[in-house]
Amino acid sequence: MKNLKFLVIGIVFGIILSKSEAVSWYRIYEMFKFQSFHMYGIIGSAVALSTLFMYFFKTGKIKDYLGNQINIKEKKKGFIRTLVGGTIFGLGWALAGACPAPVFVLIGQGILPMIIVLLGALLGAFIYGLLSKKLPN
């Protein structure tokens, strides 16, 4: 029962993705062809909101559910790692027709081939977990 709030947040997030048409292959296609501002507006809003939340986390105005301050570790900066990671992410997005977040929404909407995408994402995360100690990250 204590994790029920996370399920509710996930369901609300899925509804928002669905209603905003962020899971629509046609909207994603329009974005990559620069025919519509719709997806750029959604992504830009998410970046702005994330920036605001990170500010509140770092200043201690938002705490975790136990009341402790949230500490954000600084990540190493690197051009190559960003380029390689972004390319892999982008190729996966292009092949699947969706980024990872909408996969569950699309399965819930009855688009069952997305189960293959979900299995591929889980396999990729598992392989990364096995190799992460050996990778230069």
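- Rounded to the nearest 0.5 angstrom, Ile72 CD1 and Lys58 NZ are separated by 7.0 Å.
- Considering only residues two or more places apart in sequence or on other chains, Leu49 meets the side-chain contact (heavy atoms from CB on, under 4.5 Å) condition with Phe53.
- The cluster map of Ile, Leu, Val, Met, Phe, Trp and Tyr, joined by side-chain heavy atoms under 4.5 Å apart, puts Ile88 and Tyr128 in different clusters.
- Note on Val84 and Phe89: separate hydrophobic clusters, where clusters join Ile, Leu, Val, Met, Phe, Trp and Tyr whose side-chain heavy atoms are under 4.5 Å apart, directly or indirectly.
- Residues Leu7 and Asn3 form no side-chain contact, since every pair of their non-hydrogen atoms from C-beta on lies 4.5 Å or further apart.
- Listed by chain and residue number, Ser18 satisfy the side chain to side chain donor-acceptor pair (under 3.5 Å) test with Gln109 (two or more places apart in sequence, or in another chain).
- Phe126 CZ to Leu131 CG: the interatomic distance, rounded to the nearest 0.5 Å, is 10.0 Å.
- If you chain together hydrophobic residues whose side chains sit under 4.5 Å apart, Phe6 and Val8 never meet in one group.
- Using a 4.5 Å heavy-atom cutoff, the side chains of Leu118 and Phe104 are in contact.
- For Phe13, the CZ atom counts as loosely surrounded, since its 6.0 Å shell holds 12 or fewer non-hydrogen atoms of other residues, nucleotides or ligands.
- Across all non-hydrogen atoms, the minimal contact from Ser132 to Gly129 is OG-O, 3.4 Å.
- The minimum heavy-atom distance linking Met39 with Ile28 is given by the pair CE-CG1, 4.1 Å.
- Considering every non-hydrogen atom in both Ile42 and Ala22, the closest pair reads CD1-CB, 4.1 Å.
- Between Thr51 and Tyr55, every side-chain heavy-atom pair lies at or beyond the 4.5 Å cut-off.
- Taking CD1 of Ile116 as the reference point, atom CD1 of Ile107 lies at 10.0 Å (rounded to 0.5 Å).
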inquiry  = Between Met114 and Ile111, does the side chain to side chain contact (heavy atoms under 4.5 Å, CB included) criterion hold? Intermediate values first, please.
reply    = CA-CA 6 Å; Met114 292 307 280; Ile111 303 171; 3.9 Å; yes

task = For Ile15 and Leu17, run side chain to side chain contact (heavy atoms under 4.5 Å, CB included): C-alpha distance rounded to whole Å, both residues' side-chain angles, the deciding distance at 0.1 Å, then the answer.
result = CA-CA 5 Å; Ile15 291 169; Leu17 285 176; over 6 Å; no

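- Under a cut-off of 6.0 angstrom, the local environment of CG in Leu83 is crowded, with over 12 non-hydrogen atoms contributed by other residues, nucleotides or ligands.
- Put simply, the side chain of His38 reaches to within 4.5 Å of the side chain of Glu21, judged on heavy atoms.
- Note on Phe34: it clusters hydrophobically with Phe37, by side-chain heavy-atom contacts below 4.5 Å among ILVMFWY residues.
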query = Does the side chain to side chain contact (heavy atoms under 4.5 Å, CB included) test come out yes or no for Ile43 and Met31, once each step is laid out?
reply = CA-CA 11 Å; Ile43 293 168; Met31 176 184 71; 3.8 Å; yes

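- Atom CD of residue Glu30 and atom OG of residue Ser24 lie 7.5 Å apart, to the nearest 0.5 angstrom.
- By the criterion of side-chain heavy atoms lying less than 4.5 angstrom apart, applied directly or through intervening Ile, Leu, Val, Met, Phe, Trp or Tyr residues, Leu4 is not grouped with Ile9; the two fall into different hydrophobic clusters.
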